[in-house]
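Data first, discussion second: the structure below is written as structure tokens.
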Amino acid sequence: MAVNYICRHCRTEIGSIRGDQVSEFRLGFHFLTPEERSDIIAYNPNGDVTVRVVCDYCREALDANPELLLIPSPLQ
């Protein structure tokens, strides 16, 4: 199983964790509400997990220009 982290805005691959020792509990996914889980985590048919987070570049851009959050895909 692999856990792949991508930016939810620019879709840049941030990193991945591979291995049998990776579990949702160790990654802290159990702290998420069901709504947060469905928004952030996607389970792929091959068994991998994709986690949508915000990269540093997009975070800085959104912090400097909060109005970008009003656009469906602000930083593509």
Side-chain angles (χ1 to χ4, degrees):
M1 175 176 105
V3 180
N4 302 305
Y5 289 84
I6 63 166
C7 179
R8 68 173 44 251
H9 298 293
C10 68
R11 294 180 177 73
T12 298
E13 184 176 330
I14 298 170
S16 65
I17 302 171
R18 301 189 189 291
D20 296 333
Q21 301 299 321
V22 178
S23 71
E24 292 188 6
F25 183 79
R26 290 185 74 188
L27 294 172
F29 293 166
H30 63 286
F31 288 114
L32 299 173
T33 66
E35 295 80 20
E36 291 169 330
R37 286 177 73 88
S38 66
D39 184 46
I40 296 170
I41 303 169
Y43 297 92
N44 303 325
N46 66 356
D48 290 351
V49 177
T50 300
V51 182
R52 295 177 32 201
V53 294
V54 180
C55 71
D56 291 338
Y57 171 78
C58 290
R59 171 62 52 212
E60 289 176 17
L62 292 168
D63 286 346
N65 304 287
E67 68 277 3
L68 291 175
L69 290 171
L70 300 173
I71 303 170
S73 298
L75 301 169
Q76 287 194 54

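Bear in mind the structure is a predicted one, so any value in this text is a computation, not a measurement.
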Worksheet, complete the sentence: Applying side chain to side chain donor-acceptor pair (under 3.5 Å) to Asp48 and not counting sequence neighbours gives Asn46
Worksheet item: Could you state the interatomic distance from CG (Asn4) to CZ (Arg52), rounded to the nearest 0.5 Å?
Response: 14.0 Å
Fill in: Contact summary for Cys55 and Cys7, nearest pair of heavy atoms
N-SG, 3.5 Å
Worksheet item: Do you reckon Ile17 sits in the same ILVMFWY cluster as Phe29, going by side-chain contacts under 4.5 Å, direct or chained?
Response: yes
Practice prompt. Only counting residues at least two apart or in another chain, list the ones meeting side-chain contact (heavy atoms from CB on, under 4.5 Å) with Ser38.
Written response: none
Item to complete: List for me each residue that meets salt bridge (charged side-chain N to carboxylate O under 4.0 Å, His left out) alongside Asp39, sequence neighbours excluded, and say none if there are none.
Response: Arg8
Item to complete: Output all residues satisfying side chain to side chain donor-acceptor pair (under 3.5 Å) with Asp56, sequence neighbours left out; order by chain, then residue number.
Response: none
Worksheet item: Who passes side-chain contact (heavy atoms from CB on, under 4.5 Å) against Glu36, sequence neighbours left out?
Response: Leu32, Thr33, Ile40
Worksheet item: Mind checking what makes ring-ring contact (aromatic ring centres under 6.0 Å, His included) contact with Tyr43, not counting sequence neighbours?
Response: none
Worksheet item: When hydrophobic residues are tied together by side-chain contacts of less than 4.5 Å, even through go-betweens, does Val3 share a cluster with Ile41?
Response: yes
Practice prompt. State which residues pass side-chain contact (heavy atoms from CB on, under 4.5 Å) with Val53; sequence neighbours excluded, sorted by chain then number.
Written response: Tyr5, Ile14, Val51
Worksheet item: Listed by chain and number, what are the side chain to side chain donor-acceptor pair (under 3.5 Å) partners of Thr50, not counting sequence neighbours?
Response: Asn44
Discussion item. Quick check: do His9 and Leu68 have side-chain heavy atoms less than 4.5 Å from each other?
Written reply: no
Fill in: With Glu24 via salt bridge (charged side-chain N to carboxylate O under 4.0 Å, His left out) - residues at least two apart
Arg37
